[in-house]
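What's counted below: heavy atoms across the whole structure, side chains too, no hydrogens, waters or symmetry copies.
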Amino acid sequence: MSASPHTRLQPFSLLLTAAGCAAASGLDPLLSLSDGQPPVLQLAPGVLFACVLMFGYLHAVPALLVAVVAAVLQGVAPLPALLQAGLDALLVCLAVQVLRTFPLQPFPRMRADHYGWFIAAALAVAVGSGAAEAWTPQAPFYVSDWTLHAAGRFAGTLLMVQLIAGWTGHLNWRSLPGDLGQALPWLLLTLLMTAEPFLRVLDGPEPWMLLLPAVLVWSAIRLKVRWMSLLLLLIHAIALYGTHARLGPFGNEPPLAALMLLQAFIVTFSIAPYALAITLNERAAASRKARIREAQLLDLFDGSIQGILIHREFKPLYANRRAAELLGFPSVADLMAQRSLASMVVADDMPVIASDSNRRLLAAGRVLPMQADVLRADGERRTLDSVIRQVQWDGANAIQATFIDVTDDLRARHEQRGRLERQEKQLSAIMRLGVDQALSAGEDAALATVTEVVAGALSLPRVSVWRLESEQGRLRCLDLYDARRLESGRGHAAGDEIDPQDFPHYLALMRSGRALAVADARSDAQAHEFRRGYLDSQGVTAMLDAPVFLDGRLAGVICLEHTEGRRDWLHDEQRFAGELATLIGRYLVALERRRAQAAQARLSAILDATPDYVSTVDTDLRITYLNLAARRTVGLSGPALPPDLLVGDLYPPEAYSHYMKVELPAVLRDGIWIGETALRTPDGGSTPMSAVRVAHRDADGEVQYISSVLRDISGIKRTELALREANETLELRVEERTAELARVNERLKDLDRLKSMFIASMSHELRTPLNSIIGFTGVVLAGMAGELNTRQHDQLTRVYGSARHLLALITDVIDISKIEAGFIDVFEERFEVASVIDEAVQSVSQAAREKDLFIQVHQPPGLLVHADRRRLLQCILNFMSNAVKYTVEGTITVEASVRGSWLDITVEDTGIGMDEAGLARLFQPFERIDSKLRVKTPGTGLGLYLTRKIATELLAGTVDVQSTEGAGSRFTLSVPREGSGRATEGPRP
């Protein structure tokens with residue numbers, strides 16, 4: 001039998017077992033109706049059997065001890081008593097082990113056919129222990145005594161096991177009143193039928209004796225086990241009383257014989273009908289449930305939308321209608337008539353299905369998902385998605401496969417995925433080209449990007465853009481991308497021309513605004529004009545051409561060409577070609593605009609946009625052009641020039657003479673002259689200019705005009721003059737400044753020495769006496785110098801606190817002075833952040849506990865940092881000390897995290913917080929924020945100022961604070977993980 005939850009070894013259950021066995025041992029002698037004869041109903045063995053069966057083998061120990069003590073009290077020698085009790089316990093344990101070995105349900109919920117095993121075990125125990133009880137050393141062995149002992153033990157075992165099992169299992173005490181209401185009529189009826197014949201003195205047989213078995217049978221059918229066991233106990237009590245009082249049909253017989261007959265009658269007509277009734281009921285109910293269940297399962301399987309097939313080595317054992325449909329059989333009978341279904345599985349999938357690993361998993365009870373292709377009975381190949389598992393069918397292992405046809409779903413998903421991928425590529429290409437500045441500006445190189453992007457989006461080997469030249473009437477290739485020529489370096493080509501007269505139908509189709517979509521160019525009539533050499537020479541097999549329009553006229557064509565067999569152009573691809581034609585139209589508009597503006601933009605950029613003087617002079621020395629800067633220089637307004645403006649009108653006499661004698665002959669001879677000249681200003685003065693003059697000749701070499709570019713160099717002249725003057729006085733100024741810097745440097749050295757001496761003097765003269773004051777004050781407060789009264793202790797405590805406050809102030813001032821003087825050293829080492837945080841938490845834990853504050857720490861394990869450990873601890877401790885000081889109740893959270901190559905340590909509290917004014921003064925020296933806790937909280941006002949000094953100047957980090965008044969503050973220290981100044985990853989705080 002399987003273990004019950006009540007078999008847990010609990011001291012209370014062991015005590016109950018001992019008490020029950022003691023009560024039964026005390027009651028058994030009372031059931032002996034004749035001196036010298038064994039009790040006709042022995043309850044102690046039944047209690048022992050029930051406790052071991054229900055609660056475990058350990059419960060035999062207290063029962064054994066109780067049996068030995070009871071036998072000794074009855075005058076039996078200790079050794080025989082121990083042997084007899086030990087034999088009883090051994091026989092009971094062996095019987096229980098036999099019952100647990102067989103596949104029985106837990107008692108008392110066992111089936112009726114299992115009940116026979118229990119009766120056989122109880123009888124074997126009763127016979128074995130009865131023989132031991134009837135045997136006496138050096139005395140004859142009487143079978144009658146053996147039978148009496150065995151009968152009494154067997155009856156007691158059957159009675160007590162049923163009683164204990166029925167009232168100690170899964171008992172719901174709330175349901176007992178309802179059960180009692182249903183069981184009470186049958187209990188009363190059976191007890192009345194039993195009391196009538198066995199409590200009256202009858203002269204002969206009565207009909208009640210014949211009705212009693214029938215009533216017992218009906219009671220056994222109607223009552224539960226617990227109520228039936230209680231009824232049997234009451235029937236035995238009535239029979240025992242009737243036998244004692246010599247009542248009933250056996251009143252004239254000896255008491256022992258009458259009781260034995262009565263006992264045999266009741267046991268026979270209680271246990272046997274009870275077992276028979278349960279067996280008949282359970283088997284009938286099981287048969288009905290099995291038939292209903294089978295019909296329900298068959299209806300469920302046949303109505304399932306999934307195919308269900310059970311086979312053994314691919315020999316079909318069961319199949320529903322859906323399985324026959326999915327496998328292509330007209331009916332289930334046709335499917336079941338197949339000798340093997342292995343030939344229907346595609347050869348590639350068979351090794352996977354029949355693999356040893358799958359067999360082991362199925363044998364282990366695993367449910368395996370599997371997808372396989374099958375050849376249906378009608379020859380069609382389909383994909384089945386199935387779940388297989390191992391089941392029992394007709395007493396042997398078989399495979400159950402539950403499957404559905406996913407062929408259409410897979411095909412649809414494949415097509416949908418392909419369509420989405422195509423559309424995503426097309427959308428990406430349109431978006432990329434739509435924001436291409438070069439394409440919008442009409443640049444020549446932009447078309448190479450267009451053809452490459454389109455070829456990649458549609459997986460095409462050839463993409464080209466053609467423009468219809470209105471002047472020449474030809475289609476000219478602006479760019480042709482051929483992926484097959486990339487290795488030879490000729491992936492892009494341009495300049496090819498096509499005579500429209502050779503393709504009249506094609507041009508007519510393009511002018512109509514319709515795209516040309518040809519899936520097979522060699523057989524489609526629309527592409528017949530291209531079969532005269534173009535298709536074969538270029539290897540084109542499919543074409544998709546879209547027209548490009550400008551102002552309602554055909555301006556060009558974009559051609560998408562396929563070279564590997566037939567290609568059916570999808571709707572989204574044709575729409576994509578139309579969108580590309582729109583982009584090409586925008587490009588052509590920008591291209592024409594750019595060409596129209598090219599000359600004007602070039603002249604404007606060279607002449608009007610420059611600040612230099614630009615002019616042209618013909619061979620008669622007349623000014624033919626002046627740019628904007630030149631007109632402003634000579635004082636002319638408006639773009640028009642005076643018709644008789646000559647070179648001599650723009651230059652002063654000296655410059656004009658130099659122009660005629662030197663510059664003009666040189667430029668006519670050499671074609672260029674570079675030098676300096678001067679221009680006349682509107683106020684009659686002159687401006688020095690640098691000049692470049694170039695002679696422009698025609699095809700015959702004759703000079704047509706001379707262009708000049710002049711630049712104002714008056715500023716340069718002034719700078720040269722100032723530079724000369726500065727060079728003359730530079731040496732004197734350098735000597736004066738050098739002497740002044742030497743004097744300042746000596747003064748700074750003196751101040752630095754004085755500051756260092758001051759720091760050293762303060763360190764010795766202030767901290768040493770203060771440490772002595774703190775130490776001796778602590779000794780006196782500890783009572784080591786004698787007892788102090790309350791007033792003395794209070795005053796010394798104030799002295800002690802003030803001294804420590806003054807020492808902290810001096811220490812902070814010295815540290816700040818050292819940092820500012822650069823005399824403090826940084827000792828970097830590699831250590832775990834957790835150790836520093838734990839040390840800081842330990843330092844403030846006592847103060848936090850006194851205020852009932854909870855400290856939380858969040859940090860990744862094993863986090864290392866390379867920094868000055870002492871200075872990092874000093875910063876964290878300052879943050880946590882402030883958090884404890886200014887937090888009345890709540891939580892202090894310390895968190896360490898990594899951000900790139902930076903280490904962030906955050907201390908957050910739920911304290912009083914600060915307003916904007918307090919945050920502005922937070923890091924100032926000797927500043928303390930006004931609050932209700934200021935008077936109660938000691939401090940120097942230098943902690944945060946020193947902390948920021950250490951963080952920024954020694955640790956190369958930063959300090960950040962966020963605070964909300966009344967809600968708390970959050971301080972964050974950020975330092976490089978690999979030493980000061982070496983944090984490169986992640987944004988600097």
Minimum heavy-atom separation for [X] and [Y], please, with both atom names.
| X | Y | result |
| --- | --- | --- |
| Ala323 | Phe403 | CB-CZ, 3.7 Å |
| Ala546 | Ala515 | CA-CB, 4.4 Å |
| Leu535 | Arg522 | O-NH2, 4.1 Å |
| Leu554 | Phe549 | N-CD2, 3.7 Å |
| Leu864 | Val833 | C-CG2, 4.5 Å |
| Arg339 | Pro316 | O-CD, 4.5 Å |

Exercise for the section: Measure the shortest side-chain to side-chain distance between Val857 and Ile837 over non-hydrogen atoms and say whether it is less than 4.5 angstrom. Expected result: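 In contact.
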Practice task
Answer yes or no: is there a side-chain heavy-atom contact under 4.5 Å between Val453 and Val463?
Solution key: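 No, too far: nothing below the 4.5 Å cut-off.
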Taking [X] for its side chain and [Y] for its backbone only, find out whether a donor-acceptor pair lies under 3.5 Å.
| X | Y | answer |
| --- | --- | --- |
| Thr451 | Leu447 | yes |
| Ser464 | Leu480 | no |
| Asp904 | Ala896 | no |
| Asn320 | Ile308 | yes |
| Arg312 | Trp393 | yes |
| Thr910 | Thr891 | yes |
| Thr407 | Thr383 | yes |

Would you call [X] and [Y] a salt bridge, taking side-chain N to carboxylate O under 4.0 Å as the test?
| X | Y | answer |
| --- | --- | --- |
| Glu573 | Arg575 | no |
| Asp378 | Arg376 | yes |
| Asp408 | Arg382 | yes |
| Arg476 | Glu469 | yes |
| Arg413 | Asp409 | yes |
| Glu313 | Arg359 | yes |
| Arg566 | Asp568 | yes |

For the atom pair [atom1] ([X]) and [atom2] ([Y]), what is the distance rounded to the nearest 0.5 Å?
| X | Y | atom1 | atom2 | result |
| --- | --- | --- | --- | --- |
| Leu588 | Leu550 | CG | CG | 5.5 Å |
| Leu560 | Met543 | CG | CE | 10.0 Å |
| Arg830 | Glu978 | CZ | CD | 4.5 Å |
| Met370 | Ser386 | CE | OG | 6.5 Å |
| Cys477 | Trp466 | SG | CH2 | 4.5 Å |
| Leu460 | Thr563 | CG | OG1 | 8.5 Å |

Is the count of non-hydrogen atoms from other residues, nucleotides or ligands lying under 6.0 Å from [X] atom [atom1] greater than 12?
| X | atom1 | answer |
| --- | --- | --- |
| Arg432 | CZ | no |
| Arg514 | CZ | no |
| Glu424 | CD | no |

Exercise for the section: Show your working on side-chain contact (heavy atoms from CB on, under 4.5 Å) between Val540 and His562 and close with a plain yes or no. Expected result: CA-CA 6 Å; Val540 176; His562 187 67; over 6 Å; no
Practice task
Given side-chain hydrogen bond (donor to acceptor under 3.5 Å, both in side chains), test Gln962 with Arg970 step by step and report yes or no.
Solution key: CA-CA 5 Å; Gln962 299 175 356; Arg970 176 185 177 93; 4.6 Å; no
Problem - Test log, rule side-chain hydrogen bond (donor to acceptor under 3.5 Å, both in side chains), inputs Arg462 and Gln538 - result: CA-CA 9 Å; Arg462 284 171 58 91; Gln538 304 300 330; 3.0 Å; yes
Is the ring pair [X]/[Y] parallel, tilted or perpendicular, if the boundaries are 30 and 60 degrees?
| X | Y | result |
| --- | --- | --- |
| His505 | His528 | tilted |
| Tyr506 | Phe530 | perpendicular |
| His311 | Phe314 | parallel |

Exercise for the section: Could you check Leu362, Ile353, Val387 and say which one makes a side-chain contact (heavy atoms from CB on, under 4.5 Å) with Leu368? Expected result: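 So, applying the side-chain contact (heavy atoms from CB on, under 4.5 Å) to Leu368 and each of Leu362, Ile353, Val387, only Leu362 qualifies.
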